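See below for the structure under consideration.
A quick note: this is a predicted structure, and the numbers were derived from the prediction, not measured. Below, read A as the first sequence line, B as the second, and so on, with proteins coming before strands; counting in each chain starts at 1.
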Amino acid sequence: MEARQLLPINRYEEQIVEAVGKNRVVVVIGETGSGKTTQLAQILHRAGYTKDGIIGVTQPRRVAAVSVARRVAWEMGGPLGEEVGYSIRFEDRTSRATRIKYLTDGCLLRECLFDYEFKQYSVIILDEAHERSLNTDILLGLLKRVAQNRNPELKVIITSATLDGQKFSDYFYRCPVINVPGKLYPVQLLYSTEVPYSYLESAVETAIDVHVREPEGDILVFLTGQDEIEKALRMLEEKVLMLEEGSCLDVIVLPLHASLAPEVQARVFQAAPPNCRRIIVATNVAETSLTVDGVVYVIDPGFVKQRNYNPTTGMDSLSVVRISRVQATQRAGRAGRTRPGKCYRLYPISAYEEEFLPATVPEIQRSSLTGAVLHLKFLDLPNLDILHFDFIDPPLRESLEDALYQLLAIDAIGQDGKITGLGKHIAELPLEPALGRTLLAAEDLGCLSQALTVVAMLSSETIFMQGSRKGDDRKRSREDQQLPDGNKYGDHVQYLQIFELWKKNNFDIKWCRSNGLQIRSMLFAKDVRRQLALILTRKNFEDDDRATKKISTARSLRKALCQGFACRLAQRMPKHNGYHTVGNKSQLVQLHPATSPLLVDEDGLYPEWVLYHELMASTRPFLRHVCVVEKDWVVPILEKLQNINVRSLSGLSAHELQKDQALGEDNKVVLLKPSDQETRLVDVDAARARFLARKQSKTVKSSR
DNA sequence: GAGCACTGC
């Protein structure tokens, strides 16, 4: 009770209740520490909004939904799951008594498939809308329609942490905006005078400098990826050893990124021992998802690794790009949570003002929209024209067309643009449409059990621990050796075999550990599989134990995958280059473990001309640098490429590429992975030399 | 000589 009174938002209770009473949509801007996430729902609950419906509060992340629900249940003095509950994938802790429900935005989106007017809700609060997740953006569009036409009783509240409130207000016909001040301490911004030659080195030097000169308080360094973090850790440790003993505080250097094992991550949440300073080197997780306490100094090189989707090729790319001004502000704010702090920006203020984008490009403008479009089609909204749907930031037209095209290719929509029966079935599955289509095809082909396993494994992040990746026999660790390799049928069959083997070992966690498998990912895959099996068959498929080494199963599996990825195959088959004559789509199989597709022929080989077209298609608009996987056939392809500056990328990390003058703003790096064998960056020049040498020796031999 | 930021159904 006491805690509640202290929160800034409670001083605005009357104003909020009044605004919500008079308007269908209200925007609430509340900085960190304002209490909006825990208090808004309670305020409206007290104002009587839970009498004829429930209050739904969306969160972009599962952990947030759970922890906030727990907190609010405690504040309201009841057990979790009754008056206050939460709902996330795999876990629904709500009951008939629930009046306030915290849920992930993805969960609300899924609910609306079956209740597109949000009838059970009297209020929907879209929290953290400034993060602009794909799901939030779609919900914004849907809620705008619903609040306007269908359900005038529904109240919608959008909350945002930045001054982006005006944009949301404008979108909702200039609805009122309520500003709630936060509880952040001032953060002093310090800019570099020039762009550093290497932001990594500069970050390390700055960290040491701060450590030596500044009073106690932890240091948070933002870098772009695991690789960089590890490099920085090594450099930091070296430099720390060189410091004179007793001249300054002790120091602990810690990494923080999402693929770290949970127990390693946990170290970041333990406070530093007395007389000791922590230097935490983190990716973007520390910007939004995880809050590290005790940070007083932030070092911000101004870069982030961002995923981009290219609708003309259907390919994803990851690239290191400048952060936006909003992100820079967010990062700096991390220094002012416990007391006044400092943020060292490793770029000049002129760069910040002139070169940084004001806000991050929203996810909806850099992802595949296949799933989103199918979702909207499923709702069967009257007068819905996808190409003119009222998004707050409309995606590229190409991206929408790409989505429609792909849906057409997997028979999810018909020529008339309407969703088909198959499409409805696909939409009900919590998967990207290609994988959903694969499952339905597998059902027909009699390999559903196997496909369920493969799809579940594909939905999980990589199952291999760092450093123990499969495929490379030369350096496969001893424990690893027992793991199946897919019998040359590629990753999918390998995943299947590994899962089956795990099952034979009674899903033993220790078995995963001793085989170098990520326990988290394996358990997740098992959960996903169970869920999918329930949706598809209302049966638990765990007992189905068909032989998986049979070639026929492998064949039908690949056929099923083919059906699912037909879109991408078809899409990137130009009509008059002879490509179509190579075979119908069942002869080409997509074998990539992640979502980016690559093509493989019947023998699991990757035809040169396919790669050629891949590269041409993907690079035409913007690429000058290409990362390739080492394969002998790469070299002749590279030689054929024109207007592409292929150079050695071996051993260069992202930041080194970035500092290289040749890699300008419009350059992107694409990592191609044929996925059946080794995956790595390659020194193109060396590969070329090796290839030519081998070719020469071969011709010599054959001529003898 | 070896990776892939971060979410979510």
Side-chain angles (χ1 to χ4, degrees), chain A residues 58-65 87-92 103-113 128 131-136 138-139 222-230 256-260 282-290 303-308 316-321 323 327 360 363 366-367 371-372 374-375 426-433 435-436 459-462 464-472 474-476 518 524 527-528 531-532 535 592-596 627 629-630 649-654 669-671 673 675 677-683 686-687:
Chain A
T58 71
Q59 292 293 318
R61 279 169 292 278
R62 297 158 54 103
V63 270
S87 176
I88 57 176
R89 186 180 190 178
F90 300 130
E91 216 182 332
D92 184 0
L103 72 178
T104 52
D105 47 18
C107 230
L108 183 62
L109 208 52
R110 193 131 290 272
E111 277 185 8
C112 93
L113 280 180
E128 316 285 355
E131 288 192 22
R132 302 295 306 279
S133 77
L134 180 56
N135 288 340
T136 308
I138 297 164
L139 281 171
F222 282 101
L223 290 178
T224 65
Q226 184 178 340
D227 190 52
E228 267 180 23
I229 289 174
E230 280 162 14
L256 178 62
H257 50 85
S259 51
L260 233 43
T283 60
N284 242 18
V285 261
E287 200 179 292
T288 48
S289 313
L290 298 174
F303 288 98
V304 68
K305 201 175 284 183
Q306 205 170 59
R307 199 171 75 182
N308 263 302
D316 275 318
S317 64
L318 268 174
S319 40
V320 173
V321 297
I323 58 171
Q327 275 179 293
T360 313
E363 200 185 355
R366 36 185 190 87
S367 2
L374 185 63
H375 191 103
I426 295 170
E428 285 173 24
L429 298 167
L431 289 170
E432 68 161 303
L435 290 173
S459 304
S460 174
E461 50 186 304
T462 180
F464 299 105
M465 300 279 273
Q466 307 139 284
S468 75
R469 200 175 168 87
K470 48 86 213 196
D472 194 337
R474 278 167 296 173
K475 210 179 162 182
R476 200 184 280 171
Q518 293 264 4
F524 182 81
D527 242 346
V528 170
Q531 187 192 23
L532 293 174
I535 297 174
H592 195 276
T595 50
S596 310
C627 282
V629 185
E630 182 174 24
L649 298 178
S650 175
L652 290 187
S653 70
V669 175
V670 167
L671 184 63
K673 296 180 174 184
S675 84
Q677 288 298 319
E678 68 269 22
T679 302
R680 57 181 158 138
L681 300 182
V682 63
D683 181 330

Exercise. Before accepting this row, confirm whether a basic side-chain N of the pair A:Glu131/A:Arg61 lies closer than 4.0 Å to the acidic partner's carboxylate O.
Key: yes
By the 4.0 Å heavy-atom rule, please label [X] as base, sugar-phosphate, or nothing.
{"X": "A:Leu134", "answer": "nothing"}
{"X": "A:Ser133", "answer": "nothing"}
{"X": "A:Val285", "answer": "sugar-phosphate"}

Quiz item: Do the side-chain N or O atoms of A:Arg110 get closer than 4.0 angstrom to the phosphate oxygens (OP1, OP2) of B:dG8?
Solution: no
Exercise. May I ask you to verify if any side-chain N or O of A:Thr104 is less than 4.0 angstrom from the OP1 or OP2 atom of B:dT7?
Key: no
Between [X] ([atom1]) and [N] ([atom2]), how many Å, whole number?
{"X": "A:Asp92", "N": "B:dC9", "atom1": "CG", "atom2": "C1'", "value": "14 Å"}
{"X": "A:Ile138", "N": "B:dT7", "atom1": "CD1", "atom2": "P", "value": "19 Å"}
{"X": "A:Leu139", "N": "B:dG8", "atom1": "CG", "atom2": "P", "value": "15 Å"}
{"X": "A:Leu108", "N": "B:dG8", "atom1": "CG", "atom2": "P", "value": "15 Å"}
{"X": "A:Arg366", "N": "B:dT7", "atom1": "CZ", "atom2": "P", "value": "14 Å"}
{"X": "A:His257", "N": "B:dG3", "atom1": "NE2", "atom2": "P", "value": "13 Å"}
{"X": "A:Asp105", "N": "B:dG8", "atom1": "CG", "atom2": "P", "value": "9 Å"}
{"X": "A:Arg89", "N": "B:dT7", "atom1": "CZ", "atom2": "C1'", "value": "13 Å"}

Quiz prompt | Contact nearer the 5' end of DNA chain B, comparing A:Leu429 with A:Val304 | solution = A:Val304
Quiz item: Are A:Ser460 and A:Val528 side-chain neighbours, meaning at least one heavy-atom pair lies under 4.5 Å?
Solution: no
Quiz item: Which nucleotide in the list B:dG3, B:dC6, B:dG8 gets nearest to the side chain of A:Arg61?
Solution: B:dG8
Quiz item: Just by distance, do the side chain of A:Arg62 and the backbone of A:Leu103 share a donor-acceptor pair under 3.5 Å?
Solution: no
Quiz prompt | Polar side-chain atom of A:Glu363 near backbone of A:Leu134 as donor-acceptor pair, under 3.5 Å | solution = yes
